[in-house]
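Note that ligands are numbered from 1 as they come in the structure, with each ligand's atoms numbered from 1 the same way. Note that these values count all heavy atoms, side chains included, but never hydrogens, waters or copies made by symmetry. Positions are given from 1 along the sequence.
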Amino acid sequence: MDRPFLRVPGGATVTYGEMDERSALAAGWLRSLGVAAGDRVVVQLPKSVDAVALYLGILRLGAVHVPLNTAYTPAEVEWFVADAEPAAVVHDAGSLARGLHRSQPVGGVVERGPEDLAALVYTSGTTGRPKGAMLTHGNLASNALTLERAWAFQRTDVLLHALPIFHVHGLMVALHTAMLSTCEVIFLERFDTGEALASLPDATVMMGVPTHYSRLMTLEGFDAGACSRVRLLISGSAPMTAELHRAVARRTGCRVLERYGMSEALMITSNPYDGARVAGTVGFALPGVEVRVCDDDGAEVVERAGMVQVRGPNVGPGYWRRPDATSESRTTDGWFITGDVGRLDGDGRLTLEGRATDMIISGGLNVYPVEIEQILDAHPAVVESAVVGLAHPDLGEAVTAFVVPVPGTGGSGGGLTRELAGTLTDIARFKHPKRFVTVEQLPRNAMGKVLKAELRAHYADLFSK
Ligand code: MLC
């Protein structure tokens, strides 16, 4: 197959045939390290052609891919490795390149069934203890086939890819769909706004998080001319405001197609390819996927807000070695409880209205407040803290820490903030609060529960001032 696959700016274009060869080398290298079918392989690598080859090599061997955000600290990685118990950890691009160079290719593919595990994707949780969302080959295959059709991918497409490949969006949504249609991918190492804009005129499809689009909007050149070949702009991983949706349409003539998904269930709903893409909504359940909204008593409701639940071949079997968390996330009749609050209209169009948990989505990355609060609360100058997401023009939501200092410690100004920031070195930088606000006390209800909604409402404009 000499069809172009990954076009790396300033580098060569890797064809599908070359990727096939490289992934066979990656499989050979892993096998020489003792990796066998069913084994986990933890991967923390910068985005590269080799990293894609490694992913495909892992699947080729029947092993399980465990991608980690490159921002995770050694302490975080240590935790994931202890939990996943991998046969190998790949974190050095140089070793990978050398490994590919000297290994014997493994031709063919170790056969796997639809129930077999293909990936573990770690997500944090409301307790601060991350969980590995298990995804099977059946999940990956069904979602990719569905998306290829739903978004009308063709081999003539050129996908602009500036997402990281350690999450389902960049890896499983973008690359799988591209590979199924054997289209070409402009493979940018990271999202640089200027580079993305410069690549756009060659692209027919772009997938991104809302921050990518809001950053493009800051450049005048992001207009109908730059999008002259574009047939589809797709957004996901975080809600796109109706305002941004309309602004992009005015500027480029393209109505962004917003879709909704999560690591545990891949893609769940999508605005239609042909049909109304309504700003502020995430569209309809994808073919083969069922979505329902239930009230607190578990009764299905329409035109009313409730908990979004999903069922279908896209939903993974649960959390790695966490039967407790797995059963908590399932209804007794087997639906996956997303944790998102939404409303279905009579036609089945879903609008998301919030979250049942206080999870924050910053620039398309999930952040769980408890993880940060536990560290801040342990500081001797802190009585207590509350971490919330506040509206942010670039990130959608920005992690913000409200801190009650111990009276008389003098801990109210920049000194305490700097000290607290210094205590967070064991967690990834993207989780660090963008602002610390010292307050005398936290708002509470009669039961003593901190009212985060009140903090969010009161400080709603903190980042727009
Ligand atoms: C980077 N930083 C962030 C951040 N990303 N802070 C908060 N939120 C984020 N998302 C911080 C870094 O810690 C650093 O801080 C500074 O910003 C510069 O780092 P950078 O790496 O140069 O940032 P940048 O390249 O600008 O990255 C921003 C971004 C990136 C929005 C382009 O985060 C991104 O690509 N996000 C997409 C994530 C994604 O793919 N999500 C999909 C999840 S799958 P300091 O302090 O060190 O200077 C999923 C399911 C689904 O959700 O439905 O898709």
Side-chain angles (χ1 to χ4, degrees), residues 46-47 67-73 76 119 121-124 133 135 139-140 143 147 160-177 188-196 206-218 234-240 257-271 282-283 286 289 308 310 314-316 338-340 350 352 355 359-368 372 387 389-401 417-418 421-422 424-425 427-436 463:
K47 185 176 174 180
L68 295 184
N69 191 326
T70 48
Y72 287 143
T73 65
E76 288 169 313
V121 183
Y122 277 94
T123 66
S124 224
L135 291 169
N139 299 144
L140 302 187
N143 217 233
L147 297 180
L160 177 54
H161 190 300
L163 287 156
I165 55 168
F166 44 69
H167 283 303
V168 302
H169 192 166
L171 187 64
M172 289 144 184
V173 181
L175 284 187
H176 286 185
T177 312
L188 305 184
E189 200 179 321
R190 55 185 292 275
F191 185 83
D192 173 85
T193 318
E195 202 184 4
M206 172 176 158
M207 288 188 198
V209 296
T211 300
H212 293 173
Y213 293 102
S214 61
R215 288 188 182 178
L216 281 168
M217 284 297 292
T218 64
I234 304 175
S235 178
S237 306
M240 173 172 268
L257 179 150
E258 188 172 1
R259 55 66 180 176
Y260 161 60
M262 55 200 303
S263 303
E264 291 90 334
L266 298 168
M267 297 304 101
I268 300 168
T269 72
S270 171
N271 267 280
V282 291
L286 282 160
V289 178
V308 179
V310 55
N314 54 315
V315 180
T338 62
D340 289 308
L350 182 67
L352 295 177
R355 277 165 230 136
M359 182 185 86
I360 300 165
I361 306 184
S362 168
L365 295 174
N366 296 357
V367 180
Y368 285 82
I372 303 145
V387 170
L390 295 181
H392 187 279
D394 179 46
L395 297 169
E397 289 181 311
V399 177
T400 311
T417 299
R418 267 193 302 280
L424 298 169
T425 47
I427 61 172
R429 298 272 316 168
F430 70 85
K431 301 177 189 171
H432 290 210
K434 299 293 180 209
R435 289 268 186 100
F436 288 88
F463 290 96

Nearest-contact summary for [atom] - protein heavy atom, Å:
atom: atom 49 (C) of ligand 1; answer: Ser237 OG, 3.7 Å
atom: atom 1 (C) of ligand 1; answer: Phe430 CB, 4.5 Å
atom: atom 38 (C) of ligand 1; answer: Leu365 CD2, 3.6 Å

Quick check: does [X] get an N/O under 3.5 Å from an N/O on ligand 1?
X: Gly261; value: yes
X: Ser263; value: no
X: Thr211; value: no

Measure the distances from the heavy atoms of [X] to every atom of ligand 1 and state whether one is below 4.0 angstrom.
X: Lys434; result: yes
X: Arg259; result: yes
X: Pro164; result: yes

Within the protein, is there a heavy atom lying under 4.0 Å from [atom]?
atom: atom 21 (O) of ligand 1; result: no
atom: atom 13 (O) of ligand 1; result: yes
atom: atom 31 (C) of ligand 1; result: yes
atom: atom 51 (C) of ligand 1; result: yes
atom: atom 4 (C) of ligand 1; result: yes

Would you mind running through ligand 1 and noting each atom that sits below 4.0 Å from a heavy atom of [X]?
X: His167; answer: 42 (C), 43 (C), 44 (S)
X: Met267; answer: 51 (C), 53 (O)
X: Leu163; answer: 40 (O)
X: Ser362; answer: 7 (C), 8 (N), 9 (C), 10 (N)
X: Val168; answer: 44 (S), 50 (C)
X: His212; answer: 32 (C), 35 (O)

About how many Å separate [atom2] of [Y] and [atom1] of [X], when rounded to the nearest 0.5 Å?
X: Leu135; Y: Met172; atom1: CG; atom2: CE; answer: 5.5 Å
X: Leu365; Y: Thr123; atom1: CG; atom2: OG1; answer: 13.0 Å
X: Tyr213; Y: Met206; atom1: OH; atom2: CE; answer: 4.0 Å
X: His176; Y: Leu171; atom1: NE2; atom2: CG; answer: 5.0 Å
X: His161; Y: Leu175; atom1: NE2; atom2: CG; answer: 4.0 Å
X: Glu258; Y: Ser270; atom1: CD; atom2: OG; answer: 9.5 Å

With a 4.5 Å cut-off on side-chain heavy atoms, are [Y] and [X] touching?
X: Lys431; Y: Ile360; result: no
X: Ile427; Y: Ile372; result: yes
X: Ile268; Y: Asn314; result: yes
X: Thr193; Y: Leu216; result: yes

### Summary
If you compare Ala428, Gly364, Gly363 by their heavy atoms, the one closest to atom 37 (C) of ligand 1 turns out to be Gly363
### Query
Which of these, Arg215, Met172, Lys47, has its nearest heavy atom closest to atom 27 (O) of ligand 1?
Arg215
### Task
Look at the aromatic rings of His212 and Phe191 and report parallel, tilted or perpendicular, splitting at 30° and 60°.
parallel
### Task
Apply the side chain to side chain contact (heavy atoms under 4.5 Å, CB included) test between Asn143 and each candidate in Asn139, Leu147, Leu140; give the one that qualifies.
Leu147
### Message
With side chain to side chain contact (heavy atoms under 4.5 Å, CB included) as the criterion, how do Ser263 and His169 come out once you've worked through the C-alpha distance, each side chain's angles and the decisive distance to 0.1 Å?
### Response
CA-CA 8 Å; Ser263 303; His169 192 166; over 6 Å; no
Could you tabulate the donor-acceptor pairs under 3.5 Å formed by side-chain atoms of residues 390-400, not counting sequence neighbours?
| residue | atom | partner | partner atom | Å |
| --- | --- | --- | --- | --- |
| His392 | ND1 | Asp394 | N | 3.1 |
| His392 | ND1 | Leu395 | N | 3.0 |
| Asp394 | OD1 | Arg215 | NE | 2.8 |
| Asp394 | OD2 | Arg215 | NE | 3.4 |
| Asp394 | OD2 | Arg215 | NH2 | 2.8 |
| Glu397 | OE1 | Arg355 | NH1 | 3.3 |
| Glu397 | OE1 | Ile361 | N | 2.8 |
| Thr400 | OG1 | Ala398 | O | 3.0 |

### Message
Once you restrict to heavy atoms under 4.0 Å, what part of Arg190 touches ligand 1? Side chain, backbone, both or neither.
### Response
side chain
### Summary
Contact region, Arg429 to ligand 1, non-hydrogen atoms below 4.0 Å, reads both
